[in-house]
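What follows is a single structure, written as structure tokens, with notes after it.
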Amino acid sequence: VAALPWAFDVIRWVGVAYLLWLAWQSLRGPRATRTGDVPPSAFRGALVVSLTNPKVILFVLAFVPQFVVPEAGPVLLQFLVFGAVLSLGGFGINALVGVFASGVGRRLARGGQALRWISSGIFVALAARLAVLERS
């Protein structure tokens, strides 16, 4: 992005458009007919996002190597074991958050139209902030 100054503007305006689209979707209301309905593709989408998240990949590549001991056995196997431990820990934490958040979500869903307007306003404010952002 530093080598191509116009790329920052393209990314920024795509972000503004996306935030405004989210604001519009928030105002339209949920697509599910009942509280708690989850579209069948939600799990697949969450899995793809999690597996391709660059922050997670970079974290694992920066964190795990300090625990790998080449003399202790195959390096790939050690990476896989440490990755599995991180994944299981993350799954447990996220499952607990999901369980507790479902109760909070039900209470928030009763807020109806007011909550949609508040959410939409937040997305519009973020889009406005991003629109006036300047390169440093």
Side-chain angles (χ1 to χ4, degrees):
V1 174
L4 303 169
W6 57 268
F8 175 80
D9 290 328
V10 170
I11 294 168
R12 179 170 56 116
W13 287 109
V14 168
V16 168
Y18 179 65
L19 287 167
L20 291 174
W21 179 81
L22 288 175
W24 175 250
Q25 294 299 313
S26 182
L27 276 180
R28 288 182 51 204
R31 294 185 183 196
T33 55
R34 295 182 317 214
T35 302
D37 284 351
V38 177
S41 63
F43 179 76
R44 186 177 343 112
L47 181 66
V48 169
V49 167
S50 294
L51 291 175
T52 59
N53 186 343
K55 290 184 289 187
V56 173
I57 294 168
L58 289 174
F59 172 77
V60 169
L61 289 175
F63 183 72
V64 172
Q66 61 187 330
F67 299 102
V68 172
V69 180
E71 297 82 28
V75 172
L76 179 60
L77 181 61
Q78 291 180 57
F79 259 97
L80 293 174
V81 168
F82 288 129
V85 169
L86 285 171
S87 295
L88 288 173
F91 177 78
I93 296 297
N94 289 333
L96 288 172
V97 168
V99 167
F100 291 115
S102 68
V104 173
R106 272 190 235 103
R107 280 188 230 121
L108 287 175
R110 290 185 215 132
Q113 189 64 24
L115 186 61
R116 285 197 288 269
W117 278 98
I118 291 169
S119 299
S120 182
I122 290 170
F123 286 129
V124 169
L126 289 170
R129 170 70 177 103
L130 188 57
V132 298
L133 185 70
E134 296 196 19
R135 271 181 257 142
S136 55

Give the other cluster members for Leu96, using side-chain heavy-atom distances under 4.5 Å between Ile, Leu, Val, Met, Phe, Trp and Tyr residues; answer none if it is isolated.
Phe100
Can you list the residues that meet the side chain to side chain contact (heavy atoms under 4.5 Å, CB included) rule with Val75, with sequence neighbours excluded?
Val68, Pro70, Phe79
To the nearest 0.5 Å, tell me how far Leu20 CG sits from Leu126 CG.
10.5 Å
Applying side chain to side chain contact (heavy atoms under 4.5 Å, CB included) to Leu27 and not counting sequence neighbours gives Trp117, Ser120
With Phe63, which residues qualify under ring pair (Phe, Tyr, Trp, His ring centres under 6.0 Å), at least two apart?
Phe59, Phe67
Please enumerate all residues that pass side chain to side chain contact (heavy atoms under 4.5 Å, CB included) together with Leu80, with sequence neighbours excluded.
Leu76
Closest approach of Val16 and Ala131, non-hydrogen atoms and distance?
CG2-N, 3.7 Å
Remaining members of hydrophobic cluster (4.5 Å side-chain criterion), Leu88:
none
How long is the straight-line distance from CG of Leu130 back to CD1 of Ile11, given to the nearest 0.5 Å?
10.5 Å
Using salt bridge (charged side-chain N to carboxylate O under 4.0 Å, His left out) as the criterion, list what pairs up with Arg12, not counting sequence neighbours.
Asp9
In this structure, would Ile118 and Trp24 fall into the same cluster of hydrophobic residues linked by side-chain contacts under 4.5 Å?
no
Distance in Å, Trp21 CH2 paired with Gln25 CD, rounded so as to fall on 0.5 Å steps
4.5 Å
My understanding is that a hydrophobic cluster links ILVMFWY residues whose side chain heavy atoms are under 4.5 Å apart, including indirect links. Using that, what else belongs to the cluster containing Leu58?
none
Of all residues at least two apart in sequence or in a different chain, which pass the side chain to side chain contact (heavy atoms under 4.5 Å, CB included) check with Ala84?
none
Distance in Å, Phe123 CZ paired with Leu19 CG, rounded so as to fall on 0.5 Å steps:
7.0 Å
Give me the other members of the hydrophobic cluster that Phe91 sits in, counting Ile, Leu, Val, Met, Phe, Trp and Tyr linked by side-chain heavy atoms under 4.5 Å, directly or via other members.
none
